[in-house]
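Since the structure comes first, as structure tokens, the remarks are kept for the end.
Naming: A, B, ... by sequence-line order, numbering from 1 per chain.
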Amino acid sequence: MADVTAPAYRVIPIIPALKPGAMEGVKSFVANDKIQEAIGFPGQLVDDWHDKVIAKMGELLGKYRSLKVYMDACVHCGACSDKCHYFIGTQDPKNMPVARQDLMRSVYRRYFTLPGKLFPKLVGARDLTREVLDEWYSYFYQCSECRRCSVFCPYGIDTAEVTMAAREILDSVGYGQKYSNEIIGKVHKIGNNLGLPGPALADTLEGLEEDVKEATGIDVRFPMDVKGAEVLLITPSADFFAEPHIDSLIGYAKVFHATGTSWTLSSMSSEAGNFGMFIGNYEQLRKIALRIRQAALELGVKRIVVGECGHAWRVAYSFWNTLNGVGEGADPNDQFAQMLQKQLDHRYKQPMHICEFTWDMIGQGALSFDKGANDKHIITFHDSCNVARGSSMGGYPGGQFDIPRNIIKAVANNFVEMSPSTTHERTFCCGGGGGLLTDDLLDLRVKGALPRMEVLQQVVDEHGVNFMACICAICKAQFTKVMPIYGFDRRMVGGVHQLVSNAIILGDK
Amino acid sequence: MSALFAILLYLATLVFIVGLLYRIGGYARTPAPLKIPTTPAPTTSTGVVLRITREVLFFESLFKANLWTWGLGWLFHASLALVLLRHLRYFTEPVWGWVAFIQPFGIYAGITMLLGVAGLWARRLLVERIRYISTPSDHLMLVLFIVIAVSGLTMKFVSHTDVVGVKNFMLGMMYFDIQPLPEHPGLYVHLFLVAVLLLIFPVSKLLHAPGVFFSPSRNQADNPREKRHTSGWGKKLESES
């Protein structure tokens, strides 16, 4: 992968000229039959894929209002056309959100609308051919489902919904992606995306306890499978060993320690990530979410807290209550949800983000910090797409932007914002989300990071920023990989709780 | 000719109403299994109503996206609304006071509508990205509006038609009592294309009009932790496990 180079920064961030076909050849590795069959999909592209694709599309149009409305409502106004980081980085017109949707919309029009059946050329409808199917595979795995386009669409059309539907259709005919589907298999078999078995996890946690003891002299625990603990922490498995993720895990542990909160991890359910969302498969999304429910019931915890992970927080915040009943406001006759509701402590939001937890504790004065410990850092904050546009925090609109920033400002002295056209709801995806964090897509990932790297360079030049904090395991992994290609130090990226960890005063509890 | 136009307009109106109700029914019946508002989003249903209202009246999201498209699009739609309201005078006797009041504005709105739609077409032709995503029907739709507007304005400013006769025809249509339609080529073009517009409405991108109200990313309240969101088929999975 030595030939992957970073695209040049745009001198003025103008909208790039089109380079048709620029990313045509990009094709993420296709899943083999073993991977496919392990999660209930056909092993190979089925013979009657054409009819199956149309049938599946019809089924999804009946199951998802989003897809049905979004297929009809687009007027090709072009509001979204310059908003996607993959379009900006690759200049391939099919990476414009509207054009990506049209890959499916053209087929929808041909098979499901009268004008498309009668006058296909007139309305841009086309037959479903093998070339079209391959094109779907190529370009629907060049979308990170970050929803930036949906912010700007006058009808709120969310390309993520279309991408998810396309991937679901492709999977159903045996045309799945190796990266996402292999990981889903691992969650079911081993309990987390990285395939880290329980004993290895126990070892890792023990090692962490020793490391923290050595560094601070204090016995900070990393408990696992403790029945009756108050908090069950569900965190992305990258937090257990990847750099810089692990430093945030240490941060969570220190916060729990300093506030005297009893907590536990679960070896059975040691993953916050849920790639079922990436492939748009409701059954997988639900099955993976149910593991958390099972762990919560088995361990008898009162609260569920989620670690720093973007899409996981979207699933937890927006979907868990629907999928596994972690939340409130269920119908009294809803036995499925009530089972868990009796156990959870409803004085707290369920689920709760670790940033909400920490910020609450700061507000209560339960934590104290030596802000000077972070003085070596001039910090900026990258809003992760799924947190920014697919979830919230604090129970009010925009809390997902304020709370992580509030924490940073509480634990550090130097904080700088990046350009407002690239933060908050307008944030750019890191370039590696939505099931694209795989080396076979590295070229795409590097190009997709361009808009973020450009504005990061600005604050580096103007303010000497040397640390970009974020709250997403995928962002952290993506940036540590692509930033060196842009000439940045990979250690510039880290979690918000890494900064908390640096500054927190543990005392001698 | 009067009978022909009467049949065409009845047919077009019928297709428009039945077709649109059918499409809206389809949107309404299709479940939204998960909470997917684009956040930050309002947490209450009042907030959602305000969000959709801002979207419908002011094109809030488009404003964030692109000022040119927003300006031209808003000019076109606002003018179109005024023009449509102005035309109520052909369907009411006596004419309602406020309809009489907006007549002069409605006439100038015909001009601004034409400017807006022409600007949108120029954008579609001149901007490389927009040209790339345009289908022949996207261009034709704009042509349709341009010809409707020009034929209407011609009757006002160039070659008058017998508006009293037009009104008699329309009022007659409303009571299934067909009156003679004034002979005027501009009027024929105008009415024929309006009928075409009504006919294609339920099968074209004009469905963005009802669609905006049914878009889950805009019409859902952001309260998933506080209120369990369920849907028919999603809920059924629970009894199976």
**Prompt:** Would you say the side-chain atoms of B:Arg228 pair up with the backbone N or O of A:Gly329, donor to acceptor, closer than 3.5 Å?
**Reply:** no

**Asked** How far apart are the C-alpha atoms of A:Glu425 and B:Thr39, what are their side-chain angles, what is the distance that settles it, and do they pass the side chain to side chain contact (heavy atoms under 4.5 Å, CB included) test?
**Response** CA-CA 7 Å; A:Glu425 66 172 345; B:Thr39 58; over 6 Å; no

**Request:** Please determine, by modelled atom types, if A:Tyr317 and B:Asp222 share a side-chain donor-acceptor pair under 3.5 angstrom.
**Result:** yes

**Complete:** Taken to the nearest 0.5 Å, the spacing of A:Ser318 OG from B:Gln220 CD works out to 9.0 Å

**Item:** Interchain contact, A:Ser106 with chain B, by part (heavy-atom threshold 4.5 Å)
**Value:** neither

**Message:** Hydrogens and angles aside, do B:Thr38 and A:Ser150 bring a side-chain donor and acceptor to less than 3.5 Å of each other?
**Reply:** yes

**Prompt:** Could you give the distance from NZ (A:Lys68) to CZ (B:Arg23), rounded to the nearest 0.5 Å?
**Reply:** 6.5 Å

**Prompt:** Does B:Pro224 offer a backbone N or O that forms a donor-acceptor pair with the side chain of A:Asn321 under 3.5 Å?
**Reply:** yes

**Request:** Output yes when a side-chain donor or acceptor of B:Ser217 lies under 3.5 Å from a complementary backbone atom of A:Gly156, and no otherwise.
**Result:** yes

**Asked** With only heavy atoms counted, which part of A:Ala160 is less than 4.5 Å from chain B, the side chain, the backbone, both or neither?
**Response** neither

**Prompt:** Which atoms of A:Lys83 come close to chain B, meaning under 4.5 Å heavy atom to heavy atom: side chain ones, backbone ones, both, or neither?
**Reply:** side chain

**Contact class of A:Tyr64 relative to chain B, heavy atoms under 4.5 angstrom** = both

**Check: A:Phe152 ring centroid to B:Trp70 ring centroid under 6.0 Å** = no

**Prompt:** More than 12 foreign heavy atoms under 6.0 Å from OH of B:Tyr10: is that the case here?
**Reply:** yes

**Request:** Could you tell me whether the side chains of A:Tyr155 and B:Ser61 share a donor-acceptor contact shorter than 3.5 Å?
**Result:** no

**Asked** Distance-only, no hydrogens or angles: does the B:Thr30 side chain make a donor-acceptor pair with backbone N or O of A:Arg65 under 3.5 Å?
**Response** no

**Prompt:** Distance-only, no hydrogens or angles: does the A:His76 side chain make a donor-acceptor pair with backbone N or O of B:Ile133 under 3.5 Å?
**Reply:** yes

